[in-house]
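Any value given below was found using the heavy atoms of this structure, including those in side chains, with hydrogens, waters and symmetry copies removed. Ligands are counted one by one from 1 in listed order, and the atoms in each one are counted from 1 as well. What you are looking at is a predicted structure, and each value in this text was computed from that prediction instead of being measured. The residues of the chain are indexed from 1 along the displayed sequence.
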Amino acid sequence: MYLTDDEERIINGERGEVMERMLRLLVRLGDIYSADKLIPIGSAQVSGISYKSIGDPGLEFLEDMAGKGAKAKVLSYINPAGMDLENWKELGFKEDFAAKQMRIIDAFTKMGMITTATCTPYLCGNVPRFGEHISWAESSAVSFSNSVIGARTNREGGPSALAAAILGKTPNYGLHLDENRKPTIVLRVDTELKRGSDWGALGYFAGKLVKNRIPFFKGIREGRTDNLKALGAAMAASGAVALYHVERITPEAHLFNIKELETIDVESKDLKEAYEKLNTGKDPDIIILGCPHASIEEIAMIAKKIKGKRLKKPLWICTSRAMKEVANRMGYTDIIERAGGKIVADTCMVVSPIEDMGYKTTGVNSGKAACYLPSFCKQSVVFGNVDKLIDEVVE
Ligand code: F3S
């Protein structure tokens with residue numbers, strides 16, 4: 001891989017240990033994938049934030065980096081942490097977990113990262129441009145930024161996104177290149193997506209079917225942001241899909257000739273099958289919405305549904321701290337709390353230790369959460385639309 005004079009100096013250790021280590025990591029990655037050079041990025045989004053996911057080795061690594069002066073060179077956001085960074089005690093998170101989690105957040109703060117810990121940075125202050133090169137790690141955010149915005153990122157891991165944040169560069173390969181953004185299979189959706197959860201079910205089914213390939217959807221008639229984020233998140237979870245195109249909806253879809261591509265029909269029976277696979281439990285102990293993190297529109301919709309009602313089971317709505325501030329100002333937090341629910345910021349059902357908090361069966365409307373909860377959090381899952389889930393828990 002070609003290195004500029006400045007990069008040569010970094011790799012020779014002239015700009016300190018942190019820069020050298022980070023550059024060596026990116027060069028190794030670039031060599032594996034035959035990148036020709038490093039390219040500048042507009043922003044980074046780093047994963048591996050929850051103490052539950054990274055444990056003591058991750059915590060020590062981050063504190064070491066921060067202590068040695070690592071600093072983000074570009075706008076850098078972090079993924080959800082393992083708990084609500086303000087209301088953790090009230091929500092039942094344990095003291096020792098909280099102490100370690102706060103040390104992780106402090107390390108990121110020291111490194112100059114924005115610590116509104118979220119998987120939807122594009123909803124709160126980190127919106128890339130069409131065609132902009134970025135280095136993001138959270139798979140649902142990767143999918144959204146590539147597909148819906150038309151920015152360019154590979155599915156980074158936590159360390160490579162951290163290195164990119166510190167150097168402001170990423171290796172030029174994969175989805176940064178035009179030739180790798182072409183669709184490779186067509187999915188003709190021959191069924192209506194009536195409920196919000198249908199998008200997660202479609203994403204789960206499509207991801208399993210296409211596995212790593214780039215699907216081109218036909219037959220989808222609308223593209224609301226919340227629905228596209230649910231679709232991409234579920235496909236990323238079930239099939240590692242980092243980019244998809246939707247005819248007449250996503251910005252690069254018109255660039256490709258899809259005539260020669262294999263085409264598969266997706267029918268209502270396929271969505272039904274996805275619902276059946278994702279539903280592994282009954283009678284949830286808790287309902288957790290907001291995967292990916294809820295938008296203000298989703299929070300408003302839930303507040304409207306439960307206004308004046310009383311919930312007999314816990315309800316969490318996961319979102320970013322920034323979005324919770326908007327919900328507070330709009331009075332949605334009050335409405336939700338009066339019904340017995342909570343807006344939980346900075347974390348989510350998958351990266352928080354809900355399995356250690358006594359929950360065994362979780363109700364979700366997200367295909368991604370339904371896909372991950374059994375393995376990551378030992379949960380049985382009730383997967384369904386918001387209306388149905390809320391009906392189950394109102395008195
Ligand atoms: Fe976000 Fe957690 Fe879902 S990180 S996409 S809310 S699993």
Give the contacting part of Cys291 toward ligand 1: side chain, backbone, both or neither, where contact means a heavy-atom distance below 4.0 Å.
both
Run the salt-bridge test on Lys208 and Glu273 with the 4.0 Å N-O cut-off and return the result as yes or no.
no
Whether Cys318 lies under 4.0 Å from ligand 1, heavy atom
no
Under 4.0 Å, counting heavy atoms only: does Ala237 come that close to any atom of ligand 1?
no
Run the numbers for me: atoms of ligand 1, each under 4.0 Å from some heavy atom of [X], listed by number.
| X | result |
| --- | --- |
| Pro80 | 4 (S) |
| Glu138 | 4 (S), 5 (S) |
| Val350 | 7 (S) |
| Gly290 | 6 (S) |

Hey, what's the ring geometry for Tyr51 with Phe97, parallel, tilted or perpendicular (30° and 60° as the breaks)?
perpendicular
How far is atom 6 (S) of ligand 1 from the closest protein heavy atom, and which atom is that?
Cys348 CB, 3.3 Å
Go through the side-chain N and O atoms of Asn365 and Arg195 and say whether any donor and acceptor fall under 3.5 Å apart.
no
Any chance the side chains of Thr118 and Thr116 put a donor and an acceptor closer than 3.5 Å?
no
Just so I know, are the side chains of Leu62 and Phe108 near enough to count as touching, which here means a heavy-atom distance under 4.5 Å?
yes
Side-chain heavy atoms of Leu123 within contact of His293, under 4.5 Å:
no
Would you say the ring centroid of Phe216 lies under 6.0 angstrom from that of Phe256?
no
When you measure from atom 1 (Fe) of ligand 1 to the N, O or S atoms of Cys119, does any of those distances fall below 2.8 Å?
yes
